[in-house]
Each structure stands twice: as structure tokens, then as C-alpha cells.
Amino acid sequence: MLDPVEALTSAFPQAMEDTYEFRGEITVIVAAENIVEVCRHCRDTKGLEYNFLSDVAGVDYYPQEPRFAVSYHLYSMVHNRSLRLKVFLPGDEPELPSVTEVFPAANWSEREIYDLFGVVFTGHPDLRRILMPDGWDGHPLRKDYPLGYETVLFSFNFDEIDKHKPYARE
Amino acid sequence: MSGLQDSVWAGDIQQLKGLVSERALNGETIVLNMGPQHPSTHGVLRLMLELDGETVVTCVPDIGYLHTGIEKNMEAKQYEKSITMTDRMDYLNPMGNNLAYCLAIEKIIDLDVPLRAQYLRVLLTELTRINSHLVWLGTHALDIGAMSVFLYCFREREKLQDIFEIVSGQRMMTTYFRPGGLWRDVPEEFEPAVRDFISYFPARIEDYERLLTDNPLWLDRTQGIGFLSAQDAVALGCTGPTLRGSGINWDIRKALPYSSYEHFEFDVPLGQHGDVYDRYLIRVEEMRQSLRIVQQALDSLPDGPFRSNNRKYVPPPRSELGTSMEALIHHFKLWTEGFRPPEGEVYVRVESPRGELGCYLISDGSPKPWRVHFRTPSFIHLSALPHLAKGYLIADLVGIIGTIDIVLGDADR
């Protein structure tokens, strides 16, 4: 049984950005462009064998930058332990390679993140909206998307709100 | 910034490109809409089917009809006020959803839960599992044409809901588990009611089995249908009875015990063939095993407090409010401002009747969660439906939808 942090650091020294542990859960922060290789390495390396992808979840850290994050919760049925891979994505229109070729289970989870956060997964076989209607405008789980009411307009947030207001523009 | 623009669907067959095969586009196969109001889709699931005669070529599930934005709403509420919304996700497993959410909060705070509360949580989630399996068995059999089972299952479910009403005052949306323990201790009538249920329920399971297990019609409709290999089950993220039906021994209650499941003895039934019939046998056996756990939990139920004594996170007993200034302050703070967990993120998984129910919770140190995400088994299992249904007859599709035991509230949240 290998230590996941050590194994990943030696295999991908350039892709590892940070690791931390909280309440016994290990989180490894990985560079976005390497996520597919890191997932494949976690799944196929003897001693790691994270063969099961439990969940993929998006997070919006607005107004921080990098703004978006995607968390992958891997689990190893062989060694009975978990690992969280986390990817940070800068900007308002983030892009990330899809891991569906490694873990087919990620298919709908990635569609959900695309639908609710607007993260585009390149290489996804069927990237359509899944929970919201096809013609919906905006991504509801973004922090700057109001919860069913109009945000109050002040001088300090005028530009931010104006950017998203649905009216005709030149 | 919100609102529906023009509907995308304008009746143009070319828009189906990529979803269905080329044969559908030039008219060799039929594209048929099933649902969302179809009785055997267990709620509001819509399927777009491509059929070659009666054989399913492709099946494209369309969900979201029950999407209520629970995750978004939770970000706007204090931790404790969101528990009511977890009930409404998987409405056949309200106690299990409460448990996943409470365990996540307790893990992020590192809050203690008294043993009595842990045992009662186990007892009630196992009763909820039986409740959920009863609804599953009844509707699954009804879909396939065995109508009488439905009536018997719902008769017993009624008794279980009476028990939930005894403890929480509600039959379905119980909101009984709270961070640090339970809403209140179980009342006196609880124990006799559960003992009564334990006494007659094993014979009722025999009754269901007598109606179905050796019934040639049932065997015809379920054996060799909806095959799922062990490898595919893991790759597609299947969990719970759907995974175990393919012979993989992974039960979160055994692998990663939570809420003192390690104190109880029970077996994990496994299938051999990975078909609809094996998954039926597993769920029926799971009801027996759940009953075993209920029996053990009731017999060894410890005395003691029913919720944690950590006043920074758990409200004080009502009786103290009139005499203790401290209690009054804590009560006021908890119900106005809420509590502030430390910054961090946790992922907690529990074994729901359908499979792995995960709760991913991120706290930024404020009284409201920064992000709550639920990994729901119905959502993942529905994504495996196209793989399961491929090549079977349209009549079998109804059995295959039943066998993955979906709840659309769970899938859409």
C-alpha cells in the first residue's frame, strides 16, 4: 500500500500544487491540465488502486481568484480508503479536461457541474444541461446568481450586476 | 439573468444527432417518448427511446423535473435550518438523508454524539431502509404485473410510518436527527411499537416471497434481464444493492462504519448473476438483516443523553431556559445567529437503501455552509440506465427501471 501523496508527488512533480489533511481526509490539489493522467495513475498503479469514483462536485469561491474548483472523491475498494483530488480553475469561463474516459461514472456529475456552474469539460461525450431546462440562461449555483430575487443595486456593485442583467445590448 | 429563452426543441429530427443512432435519423428505427408522467417511471422521469421493433437500441434519460435547487437554498440558510430540506431529497429515506447531513456537520465540527443517539439513529435508519424497500418491492412488482404484492407492502409500510410519527410527529418528513444527536428522546410508546413490528414482520416477508420468489411468471420477467457485470458496475459508479447484485461485497456499513454500525451483527447478501432477479433477492434479504439490526439495537439500547452536551453547537434543554442565564444565551444565539463550524471541507458517505449517499460540505467559518453537495445514488444509477437497458425488450425496460430503485427527488435534488 503506497502513501498517495508521496506516490503522486514522485510521479507528477510538476502537477502537484498543494496537499493538506483535515479530519483525516487527504486533499491533493492538482493542476487542471494533468487531472486525467493523475486519475488514471490513481486508478491503475499497484498500491494505490483508487478504482471507484464516488463523486465529482463543483465549488464557486467567488469573489476569490481562482474562482472555481472541482473536487473528485476517489475511493479504493482494495485498500478501503479515500482520496480527494481538487482542481482550481481561474476566470469566469473555466475549462477542464473530462475524466469520463478513466471513470465513466463521472459522466453525469460533469454534466451537472457544467449545468450549474458553467465549467466546460473538454472531451466529454455528451455535454448538455441536465437539471435545468435546455434553454436556461445562466448557471444557478454560481455565487453571483441570485436566489430567486433581484440583487439590490448599489453603486459599488453596479458593474457586476449590470454585466448579468438580461436586456438588449449593442 | 434567469428565465427560459425560446424552447430548444422545434421538432427537428436533426437535433437528435449524437443522441440516437444514424438509423433513427433515416427512419429505420422509431424514436419514442416515455414519460415524464408514465406510471412505471417512479416519479417524473422522461426517457427518449430508440426502438427497433420492440428492442431498445438507445435510451436517453432526461431528468430535472423535480429539481428544486436544494443545494443552492442550503447555502442561504444556517446549518440547522437546512435539515428539513434533506428530508425532501430522497423522500423514501428521510432519516438516512438527515443522517448523512448531520454526520457531515458533526465531522466538520468534531462534535460528539452520545451512544444512545447513535443507536437510535441506526435503529431508525434501518426501519427507514425496510420502509424504502417495501415501497420498492411493491411498485417494482406492480410494474411487472404482480399487483397484490403492492397492497401487502403498503400495509406494512403504514405501520412503519406510525412508528416514525411516534418519534417525530411526522410520518414522512421527519427531520428527527439533529447535529449532535436527536430532536428529542423517543417516547414510551416507541419500544412496544417496534417490538410489535419485529414480532410479525418476518412472517410478512415470507408472504411476499411466497408470492414472488418461485413464481414462474416472476422468474420469467426478472431472470437474465438487466445484466450488469461486476466490472461495469464499479466503472459506472453503482453502489448498494445494484453493485452487490453483481457480486461485489461493498457495503459502507461494513467497510467504513459510521454511527456505531460496527457494534451490530448482520450479513451482506450478494448476488451471483447481476440480473433483476438477484437484485430482488438481495433487497428482500436486506429487509431481514435490517430487522436483525433493529432487534439488536433495541435490546442493547443504552441509557443516557440523546444529544451532545456541547452548548456551543447543540441547543440546551427547554426546561433550563427558565432558570439558567447561560442556557438562555445559548438558546438565543443558536436560534438567531446559528453556530460557526471551523473552516474546512469533509465528505461523508452513508449506505442509503439505494446505495452510497455522500454529503460534501465546505465551511468558510460562517453560520451558513459555503457549499453543500449531495452525491445521490439515484442520480448515478440513472446514468447507468442506458447501459443496462440496451438490447432488452421495451417490456423489460420497466423491470430495469424498477431494479435500480430510483427516487427522482433523490436524483434531481
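To find a chain, count down the sequence lines: A is the first, B the second, and so on, and within it residues start at 1.
- Here the shortest heavy-atom pairing between Phe52(A) and Val234(B) reads CD1-O, 3.7 Å.
- Listed by chain and residue number, Tyr79(B), Glu80(B), Ile105(B), Ile109(B), Pro179(B), Tyr313(B), Leu334(B), Pro341(B) satisfy the side chain to side chain contact (heavy atoms under 4.5 Å, CB included) test with Phe339(B) (two or more places apart in sequence, or in another chain).
- Using a 4.5 Å cut-off between heavy atoms, Tyr20(A) touches chain B through its side chain atoms alone.
- Most heavy-atom pairs under 4.5 Å with chain B: of the set Leu116(A), Asp126(A), Asn80(A), this distinction falls to Asn80(A).
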### Task
Step by step, work out the side-chain hydrogen bond (donor to acceptor under 3.5 Å, both in side chains) result for Ser82(A) and Arg349(B).
CA-CA 11 Å; Ser82(A) 318; Arg349(B) 29 167 88 81; 3.0 Å; yes

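- Both the backbone and the side chain of Asp110(B) come within contact range of chain A, each with at least one heavy atom under 4.5 Å from a heavy atom of that chain.
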Using residues 31-39 of chain A as the side-chain source, report each donor-acceptor pair under 3.5 Å to any protein atom, sequence neighbours left out, with the distance given to one decimal.
none

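- Looking at residues two or more places apart in sequence or on another chain, you find no salt bridge (charged side-chain N to carboxylate O under 4.0 Å, His left out) involving Asp55(A).
- For Arg413(B) and Glu112(A), the salt-bridge test passes: some basic side-chain N is under 4.0 Å from an acidic carboxylate O.
- Looking at Glu356(B), only its side chain comes within 4.5 Å of chain A, counting heavy atoms on both sides.
- Rounded to the nearest 0.5 angstrom, Trp108(A) CH2 and Leu382(B) CG are separated by 5.0 Å.
- Contact annotation for Ala411(B): only backbone heavy atoms (N, CA, C, O) come within less than 4.5 Å of a heavy atom of chain A.
- Heavy-atom pairs under 4.5 Å with chain A were tallied for Ile108(B), Thr239(B), Ile362(B), Asn73(B); the largest tally goes to Ile108(B).
- Only the side chain of Tyr360(B) comes within contact range of chain A, with at least one heavy atom under 4.5 Å from a heavy atom of that chain.
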### Query
How far apart are the C-alpha atoms of Phe22(A) and Val346(B), what are their side-chain angles, what is the distance that settles it, and do they pass the side-chain contact (heavy atoms from CB on, under 4.5 Å) test?
CA-CA 8 Å; Phe22(A) 178 73; Val346(B) 291; 4.0 Å; yes

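- Heavy atoms of other residues, nucleotides or ligands lying less than 6.0 angstrom from CD of Glu93(A) number 12 at most.
- Heavy atoms closer than 4.5 Å to chain A are found nowhere in Leu66(B), neither backbone nor side chain.
- For the residue pair Pro104(A) and Ala235(B), the shortest heavy atom distance occurs at CD-O, 3.5 Å.
- In this structure, the portion of Glu343(B) lying under 4.5 Å from any heavy atom of chain A is its backbone and not its side chain.
- The closest donor-acceptor contact from the side chain of Lys72(B) to the backbone of Arg142(A) lies under 3.5 Å.
- Ranking Arg81(A), Arg43(A), Arg84(A) against chain B, the residue ahead of the rest is Arg84(A), based on heavy-atom pairs under 4.5 Å.
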### Stepwise side-chain contact (heavy atoms from CB on, under 4.5 Å) check, Met77(A) with Leu243(B)
CA-CA 12 Å; Met77(A) 288 182 181; Leu243(B) 177 73; 3.9 Å; yes

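- For chain A, the nearby parts of Leu236(B) are the backbone and the side chain; heavy atoms of each come within less than 4.5 Å.
- Using a 4.0 Å cut-off between charged side-chain N and carboxylate O, Lys86(A) and Glu345(B) make a salt bridge.
- In terms of heavy-atom pairs under 4.5 Å with chain A, the best-connected choice from Gly358(B), Ala384(B), Gly237(B) is Gly237(B).
- Around atom CD of Glu17(A), more than 12 heavy atoms belonging to other residues, nucleotides or ligands sit under 6.0 Å away.
- Side-chain atoms of Arg375(B) and Ser109(A) form no donor-acceptor pair, as typed in the model, at a separation below 3.5 Å.
- For Asp60(A), the part sitting under 4.5 Å from any heavy atom of chain B is the backbone (N, CA, C, O) and nothing else.
- At a 4.5 Å heavy-atom cutoff, Val102(A) makes no contact with chain B through either its backbone or its side chain.
- Within residues 364-373 of chain B, the residues that have a heavy atom under 4.5 Å from a heavy atom of chain A are Trp370(B), Arg371(B), His373(B), listed by number.
- A distance of 11.0 Å separates OG in Ser54(A) from CG in Leu357(B), rounded to the nearest 0.5 Å.
- Using modelled atom types, one side-chain atom of Glu25(A) and one backbone atom of Tyr347(B) make a donor-acceptor pair closer than 3.5 Å.
- Only the side chain of Arg128(A) comes within contact range of chain B, with at least one heavy atom under 4.5 Å from a heavy atom of that chain.
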